[in-house]
Amino acid sequence: MSSMEELLAGWNEKFRPHADGAQLPPHHPHCLACGPDNPHGHHLTVHRRGEEVHATHVFDERHVGAPGIAHGGAVATVFDDLFGFLLYLTGGPAVTRKLEVLYDSPVILGTTYDLAARVTRTEGRKLFMEADMKQLGGSRVASASALFLSVDVTHFNQGMPR
Ligand SMILES: CCCCC/C=C\C/C=C\C/C=C\C/C=C\CCCC(=O)SCCNC(=O)CCNC(=O)[C@H](O)C(C)(C)COP(=O)(O)OP(=O)(O)OC[C@H]1O[C@@H](n2cnc3c(N)ncnc32)[C@H](O)[C@@H]1OP(=O)(O)O
């Protein structure tokens, strides 16, 4: 079995119904944001809570921008991937067409943040999503909105070596 075939087989399994409160599976083992086997990754763990997905996250020195502060691109990576977990609730693959991040305050390395994301509207293939990142029990430090577009499985063949 090719690595793509293995990925597809596993991907279908990931779309089974997930109970409220369940930990959701990583997109794949090397995913930059959630893959457990990516040494550069964020190792994001995400749970379903009702129709939302939630994560707690600590950025570290691998994600540094200005000294002591997370790189804005790293913050965007985590938001983008968190949106990708909503696909387990909506039931099929989709990809980011548009991602907008609002940075309210610096995201400090070594600090634990709470993240939550939800689908706000669907329109045909279009999934409109919103997310926020907050200090534990505290104020918002960033928020994001995204448009994902549903795609067929063949979309992912574009990444296979030719
Ligand atoms: C079931 C088996 C599944 C198997 C999957 C297998 C393997 C997967 C393995 C791993 C996956 C891992 C992770 C995935 C999950 C999460 C990770 C985070 C997410 C990402 O990291 S993902 C990567 C970054 N992402 C891309 O790499 C996308 C590149 N891009 C494209 O591939 C195309 O761009 C595409 C396909 C997106 C669209 O192309 P397209 O040709 O299909 O669609 P088109 O452009 O025509 O737009 C259709 C309708 O959206 C409207 N529209 C467009 N833009 C708009 C805007 N800005 N505002 C408002 N409306 C807009 C149009 O106006 C039209 O509207 P209407 O239909 O009403 O006319």
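Nothing fancy with the numbering, it's 1 onward along the sequence. Heavy atoms only: backbone and side chains are in, while hydrogens, waters and symmetry mates are out.
Remark: the backbone N or O of S143 is not paired with any side-chain donor or acceptor of Y103 at under 3.5 angstrom. When atom types are taken as modelled, the side chain of R62 and the backbone of P39 share a donor-acceptor pair closer than 3.5 angstrom. Within the 3.5 Å criterion, the main-chain N or O of D60 finds a donor-acceptor partner in the side chain of H63. For the pair H27 (side chain) and L32 (backbone), a donor-acceptor distance under 3.5 Å is absent. Distance alone, capped at 3.5 Å, is enough to place a donor-acceptor pair between the T120 side chain and the F128 backbone. Proximity of a side-chain donor or acceptor of R125 to a complementary backbone N or O of S150 within less than 3.5 Å is detected. Within the 3.5 Å criterion, the main-chain N or O of R49 finds no donor-acceptor partner in the side chain of E52. Without hydrogens or angle criteria, R48 side chain to G50 main chain gives a donor-acceptor distance under 3.5 Å.
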**Request:** Please assess R140 against D132 for the test salt bridge (charged side-chain N to carboxylate O under 4.0 Å, His left out), listing each intermediate value before the final yes or no.
**Result:** CA-CA 7 Å; R140 196 181 74 183; D132 44 61; over 6 Å; no
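Neither V53 nor L147 shares a network with the other; the hydrophobic side chains, linked directly or stepwise wherever heavy atoms of I, L, V, M, F, W or Y lie under 4.5 Å apart, form separate groups for each. A continuous path of hydrophobic side-chain contacts links I108 to V64 [ILVMFWY only; heavy atoms under 4.5 Å].
R118 has its side chain out of reach of E51: every pair of non-hydrogen atoms, C-beta onward, lies at least 4.5 Å apart. Under the 4.5 Å side-chain criterion, counting only non-hydrogen atoms from C-beta, M133 is not in contact with D114. Annotation: side chain of V75 is in contact with side chain of F59 (closest heavy-atom distance under 4.5 Å). L115 has its side chain within reach of H57: a pair of non-hydrogen atoms, C-beta onward, lies under 4.5 Å apart. The side-chain heavy atoms of V58 and Y113, taken from C-beta on, include no pair separated by under 4.5 Å. Counting heavy atoms from C-beta outward, H155 and V95 have side chains that approach closer than 4.5 Å. Contact of the C31 side chain with the N38 side chain is not registered, since no non-hydrogen atoms from C-beta on lie closer than 4.5 Å.
Annotation for H28 and P36: closest pair O-CD, 4.4 Å, computed over non-hydrogen atoms. Nearest heavy atom pair, residue R16 against residue H18, reads O-CD2, 3.0 Å. Nearest heavy-atom pair across V141 and P106 is CG1-O, 4.5 Å. Closest non-hydrogen pair, L99 versus A76, comes out as CD2-O, 3.8 Å. L127 and A94 get closest at one heavy-atom pair: CD1-CB, 4.0 Å. Taking every heavy atom of both residues into account, D104 and A142 meet most closely at OD2-N, 3.6 Å.
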Name the atoms and distances for all side-chain donor-acceptor pairs under 3.5 Å in residues 82-93, with sequence neighbours left out.
unit_1, atom_1, unit_2, atom_2, d
Y88, OH, P25, O, 3.0
Y88, OH, P26, O, 3.4
T90, OG1, L87, O, 3.3

Report all side-chain donor-acceptor pairs from residues 65-72 shorter than 3.5 Å, counting only partners two or more places apart or in another chain.
unit_1, atom_1, unit_2, atom_2, d
H71, ND1, G73, N, 2.9

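Remark: F79 CZ to L44 CG distance equals 11.0 Å, nearest 0.5 Å. Here CZ of R121 is found 10.0 Å from CD of E130. Values are rounded to the nearest 0.5 Å. Note that the CG atom of L102 and the CD atom of E100 stand 5.5 Å from one another [nearest 0.5 Å].
D37 is linked by a salt bridge (charged side-chain N to carboxylate O under 4.0 Å, His left out) to nothing, counting only residues two or more places apart in sequence or in another chain.
For the residue pair D80 / T96, a side-chain donor-acceptor distance below 3.5 Å is found, with atom types taken as modelled.
Annotation for K14: atom NZ counts as buried by contact number, over 12 foreign heavy atoms lying within 6.0 Å.
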